[in-house]
There are 2 protein chains.
Amino acid sequence: MAADKLVYSFGAGTKGGDASMKTLLGGKGANLAEMSNLGLPVPPGFTITTEVCNAYYKIGRKYPDGLEAQVNAALADLEKSSAKTFGDPANPLLVSVRSGARASMPGMMDTVLNLGLNDETAAGLAKLSGNERFAYDSYRRFIQMYSDVVLGLGHGVFEEILGSKKDMNDYTSDTELTADDWKAVIVDYKRAVEEHLGAPFPADPREQLWGAVGAVFASWMNDRAIFYRQMHAIPESWGTAVNVQAMVFGNMGDDSATGVAFTRNPSTGEKRYYGEYLINAQGEDVVAGIRTPKPITKIAREAQREKGLSLEEALPEVYGQLTAVFDKLEAHYRDVQDIEFTVERGVLYMLQTRNAKRTAPAAIKVAVDMVAEGLITREEAVNRIDADSLNQILHPIIAPSYKRDILCTGLPASPGAAVGKVVFSADEAEKLAKAGQSVILVRDETSPKDIHGMHAAKAVVTARGGQTSHAAVVARGMGRPCVCGVTALRLDEHARSFTALGRTVKEGDVITVDGAAGQVMLGGADLVQPDLTGDFETLMSWADDFRRLGVRANADGPVDARQARDLGAEGIGLCRTEHMFFDPARTPVVIEMILADDKAGRVAALAKLLPMQRADFVGLFEVMAGLPVTIRLLDPPLHEFLPKGEEDVAAVAAATGVSPADLMRRAEALHEFNPMLGFRGCRLAIAYPEIYEMQARAIFEAALDVKKRTARAPIVEVMIPFVLARRELAIIKESVIGVAKAVFAEAGDSVEYLVGTMIELPRAAVRAGEIAEEAEFFSFGTNDLTQMTLGLSRDDAGAFLEHYLRAGIFEHDPFVSIDQSGVGALVEIAVAAGRKSRPGIKLGICGEHGGDPASVRYCDKVGLDYVSCSPFRAPIARLAAAQAALSRGQTGS
Amino acid sequence: MAADKLVYSFGAGTKGGDASMKTLLGGKGANLAEMSNLGLPVPPGFTITTEVCNAYYKIGRKYPDGLEAQVNAALADLEKSSAKTFGDPANPLLVSVRSGARASMPGMMDTVLNLGLNDETAAGLAKLSGNERFAYDSYRRFIQMYSDVVLGLGHGVFEEILGSKKDMNDYTSDTELTADDWKAVIVDYKRAVEEHLGAPFPADPREQLWGAVGAVFASWMNDRAIFYRQMHAIPESWGTAVNVQAMVFGNMGDDSATGVAFTRNPSTGEKRYYGEYLINAQGEDVVAGIRTPKPITKIAREAQREKGLSLEEALPEVYGQLTAVFDKLEAHYRDVQDIEFTVERGVLYMLQTRNAKRTAPAAIKVAVDMVAEGLITREEAVNRIDADSLNQILHPIIAPSYKRDILCTGLPASPGAAVGKVVFSADEAEKLAKAGQSVILVRDETSPKDIHGMHAAKAVVTARGGQTSHAAVVARGMGRPCVCGVTALRLDEHARSFTALGRTVKEGDVITVDGAAGQVMLGGADLVQPDLTGDFETLMSWADDFRRLGVRANADGPVDARQARDLGAEGIGLCRTEHMFFDPARTPVVIEMILADDKAGRVAALAKLLPMQRADFVGLFEVMAGLPVTIRLLDPPLHEFLPKGEEDVAAVAAATGVSPADLMRRAEALHEFNPMLGFRGCRLAIAYPEIYEMQARAIFEAALDVKKRTARAPIVEVMIPFVLARRELAIIKESVIGVAKAVFAEAGDSVEYLVGTMIELPRAAVRAGEIAEEAEFFSFGTNDLTQMTLGLSRDDAGAFLEHYLRAGIFEHDPFVSIDQSGVGALVEIAVAAGRKSRPGIKLGICGEHGGDPASVRYCDKVGLDYVSCSPFRAPIARLAAAQAALSRGQTGS
């Protein structure tokens, strides 16, 4: 239950909370207290703690015992420190009531300003301020806001009243209304409230206050807030605090103002004050955009060729106070601050400070600069960067100046921007790419047979499929921008065109894709290439010093491997050999192998594939000389290599000389109801050992070839997929070792190699102890392990995943961030049993999770040796690994 | 490694082993020693232990140290006790060398008889026996057998020599060959051996002996033996013993004989001596079938109208000795004995005794009789019955006298026999069945939409699919005989006929199905109905006294439920509500629900389904009044209810008034790549809560209705399928409770009910502690849990399961008997966590494993409260549960 102290006062010399108490007071409350403690001019007020919010929900939307008394006491203090009295027409205290959670949730919850106004106090305020119009404008705003937030009466009814008032007077703008007009409007407003709700608008300030407090607590559970929490992984249990603060007014004349500011530029990280303000305005006016705010600094005003005065020029004394506050706050918080301030009749008040949100480039520049300034340590610098945000800077982006002509939008499936000509088939993509053209592949959906086309294309767009569809996963792996699930896109393959929202795009037309925004644009944008030197390089070198986890990349060929090394990967954690089988040049031989009636036929076809596979591996090993390379032997079911539709069958039949009937018959025989749970992985090798034998031979011959030519062999790790029992692995391992011995004997030379397995079946996890008797390494295939553990097909989950996120059953998409309590339970069982059975067994993770910061932290925590991810996520993994090590108080250096 | 004592002698007063030492000496060796200890006439010999076999394989097919010396010593003893000498022409000792594993593996391993013969000892044997032809016939048999078993030279070459010898002499039978003919044949035999193998046939008896010992050990690893062990779950590590025994000869004249006998009739269990013998013959002659053996008893001879004398009449003195041995052995072993004996010149020798294999009816009769005789306890009686064998007696069988005209064969998917007219569609089956006709449904394969037809049919035959296909699983559940995977069957739906191996069967033709044999026959057989009273009833009542585990049945309707109660089920552990949705009369409404655009549309369709569902449950609850009934809410993905092919779509469109295009579009939208891992189970309820709400209402209304009319409500257990997280269950449970409250309030009455979940996802198993905070019971859905844990689709595993069994990766089909070390590991995690979180939580298992004896024992061991299985397997589960309890030394009574 709630602690004894439920309410903390701040401001006017009160020492209540401080910045360390965000959990209890929320971010806003803690920082108001901290600023007050620093001696900065904060209007006084008090904070009702987050624990009250939790108690409120726990006991069925009631306030805990003792709250009322503590609020009354705090209010009494506030009246004293502000020298005003709540509800006193002669000298009325007005307050704002604002939510404030531990994490910033901008705009998600509700706020009430000017609380304390009624007919009497409004009149008092008019008198006191000498500004009747200001007083009644404030009053009508309060009625509107309170009715909306607390009483649940929408804007519509008030807009109607205001509209008819304006019509009657032929006004076109609110500013034309006089004090008397507002008074008349207020009468109508109050009558409307009573009509709609059957009770008069509350005139008692205390009743108003409790109504607002309840509304803030209730807003913690509104749909917007719940959705935002889900998106940002904020637990419901954090709750929100309520901040009640004396109002100050930036709209009391030309010596009053309101503004927001940053201590450094939040877009670029440049060390310069940055902000906007409005003379004679309330905070909401800055946000509402009715008037255009001006820059606070002269230099910015000049740069923008802005005519109005900057704050520096308009109120130089206040500006001087403000910059002093900036410096004090930045030195105190040791981070860029995002500040709200109000000037009431020449007096500066601070309404909020918080660590500023910033772009990824700005975050990096600020962090590296602050280390140079001696303000923070390298460890702090590394911890300050949101690892996932690096995604923003690893890919080309569209020049900010470019005017976007958006054709259609879809899911942002893989970041980066690209420009190219539209093509509708993988083969066409490859053909044009070979001819030196930039192309963008547009498909209904992609399959493994489109890999070569996806590789050839600069970007991929699909009409169907979610963020974990084939197109999305493969595109991310290749670092290609991708927009998926563009539901407005209608493909007409016959006409070689597509339409979207009424516009038609033909093959060869140029489009631009923004994978991070999920946008497809007509025409070619200017792109800005990422700069991965300078501050980025510095920061990553620090991260590499701190991390314990190794970082490898998933790469299937030399191009990917080269990219992986450039982005700091220390080896390959997953080379998927099936992509090599999908190469169209090999299709006839692969199909010959699948259609063979017996082992001899398969062996003959495999003999033709051997030199091709060997060449694949030679290319890979040359790039990865001296580094570990994990090669997964063939994994997908054989039917994936066979043509599907009638058209496909005809084409393949023509290309291979096999009759369409034979192709259809074989495809039918191999058809599976649940291919994910079918005849795949090492099951192929148990039935047809010759397939893996060929692959093993290609691997070892290639490694020896590279060793001979470069004197630096890769460290080969042969990985057997889909293992569920020790004996299964033992049989295949024996065969791999046999091939290695034979190849080494033929060559009179050898290379270092390991044989290990993926842990991707729940059974493998629970039998990991036994399996480790054979396996020299484990690589957790958390994609499939997630599918099996949750009984959740990645390709089919789209139909209900949204429901699960909304209902709070999943905190996040389990294919994006590892399900630590479910899948993780199996990973932990396997880690413990594997290490017990084979101390020093090498443990890693491959699959999409390897590039997700939360999953990387998890892998560090459970003691894996490395993560492997898409090349383009390697920097993210490196940074997340460093942060994980730092959070354990343990670094790799 | 091997124990010090590697060789145990028996016979002639030696006290070496005894019957308790089967692990070390194998069944045959231990029983020979035991009989010898009992003072019965056993030819002396010795046994090389099973540990020697294991050592032999462990050290690379070599004999362990000390073996040679111990064999030599045992041989010296044997020479002394037999008063004969190995290799001595004057008085040669001949021996048999036989395998003998712990479990009987008839015919699986190799035997060598007459070992010790060479040119000299054969001459000596001729002289000693005064029967030259006997001696050389024995010698040539030895060469043939030894060459085959030890030297690896097949029969072919010897048959050729013998054939040409017979041709030359115009003989038609072996019996025409004289002693001199055999001598000449032997010369040719030995020449052939030397030609083929490059070395002469070994003449040295000791060399022969070691060769035979090695061959017996080697035969432990021959394909036959490996296959047999897999089929009977005999571990490789048991090894085989080798029995070396002095030969006795039943072929030394008319005062010699050989025979096999049972102390009671092994077919019926009747308490009468039963057996066959041959005068002047060797044991292999009885088996080989060249001469027809005669009954041993006079009464049997008379009953068979056999002309030749019975043993009782031919050798009355020997018969008297033999029956005394029978009585002694049965009293000693307290079980029916299967005996081999030989009479050499009027002297009776016992060559083997073992517990007799028997039919299921015989086993039951013997067990119940022996309890009445005071020979065994009721506990022993219960333990003596192979639970799985009850399958033989729970279904009608074809009269033994019926002459089968087999049309085609397939997999024995569900036992029992049935006669009926061929139909090719479920609707036709239902139509004819309603008209009172017996029909047999023949399909390429079945789907959930055929359920009503399978129910209407007497049996099901499919051209495709394995023993765990839809047809097989459903047929077993319904107790319908089923033959699956009849590859020879070619269905022509247009012609309304099928062909099999050249014969055509038209719709309406009468066929007979033997589901236990996997046979389809032309014409109608006479059937014998099972008798489940008398001894069976007695035995099952004892089992019920002993067992701790409850036994429920899986039943979807009143007919199944009635059958379940008749077969002793104490409730329903799984009622699958989707079968109710597949009823063709409801298809239009179900499709209306699926095609609805919004919740209102779904609710309207569901309102039409409500009275139908309620009626279903009323029927079920009436049968199960007062008993627990677990009802699983809708589980399959919605696309299963939509038509698939063009023809289906047209038919459904016509029936429902929905356009084919709409049907196709919806089916396409709902299509899943891996439906097993898709939008199914409670995922439907998270997205569309109204479905489960309707089902819950139907359940509670039905329960109240039955309570009102009969005053005995069922104990309702509402089961939520496919749960993976606590919150998921919490949301649905809240909704079910809400419906219950509403229904109870409307009725002014209530019924007892629980809300629980299936544990069928690995994640549910590892999070069972949390889930149990909501779940009032767990039912382990081991079908799906096996699919997920092993990544193995039941529908697709057929393609490689055989490879896995052959390679010893699976000891058995994991869908038939639970994978204790893999799936079981998750079950045990869930049991422990579930009980910890909610002490007293009810734990059960539904799905196919609930009727498998080994799985039932496992469920007893891990402490589940009940198993639930197909009604027809309930007696098997009851018996297996009793045996499990007895083996723990703990009974339910």
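Chain naming here is simple, since letters A, B, ... match the order of the sequence lines and numbering starts at 1 in each.
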Pairs of heavy atoms under 4.5 Å with chain B: top-ranked of [options]:
options                                : answer
A:Pro675, A:Gly681, A:Ala764           : A:Pro675
A:Ile686, A:Ile829, A:Val823, A:Asp784 : A:Ile686
A:His803, A:Glu770, A:Arg680, A:Arg683 : A:Arg683

Open item on the list: To the closest 0.5 Å, what do you measure between CZ (B:Phe810) and CD (A:Glu728)?
Closed with: 7.0 Å

Which atoms form the tightest heavy-atom contact between [X] and [Y], and what is the distance?
X        : Y        : result
A:Leu677 : B:Met676 : CD1-CG, 3.9 Å
A:Leu826 : B:Leu826 : CD2-CD2, 4.1 Å
B:Ser821 : A:Val766 : O-CG2, 4.4 Å

Side chain, backbone, both or neither: which part of [X] has a non-hydrogen atom closer than 4.5 Å to chain A?
X        : result
B:Leu792 : both
B:Leu684 : neither
B:Leu724 : side chain
B:Ala807 : both

- [ ] Could you tell me whether B:Asp223 atom CG has more than 12 heavy atoms of other residues or ligands within 6.0 Å of it?
- [x] no

Task: Heavy-atom neighbours of A:Lys599 NZ exceed 12 at 6.0 Å - done: yes

Is it the side chain or the backbone of [X] that comes within 4.5 Å of chain B heavy atoms, both, or neither?
X        : value
A:Asp819 : side chain
A:Arg767 : side chain
A:Ala797 : neither
A:Ala825 : side chain
A:Leu761 : both

- [ ] Give me the ring orientation class for A:Phe800 and B:Phe679: parallel if the planes are under 30° apart, tilted from 30 to 60°, perpendicular past 60°.
- [x] parallel

Task: Leading residue by heavy atom contact count with chain A [cutoff under 4.5 Å; candidates B:Gly808, B:Ala725, B:Pro637] - done: B:Gly808

TODO: Look only at the side chain of B:Asp796 and the backbone of A:Glu672, and say whether a donor-acceptor pair between them is shorter than 3.5 Å.
DONE: no

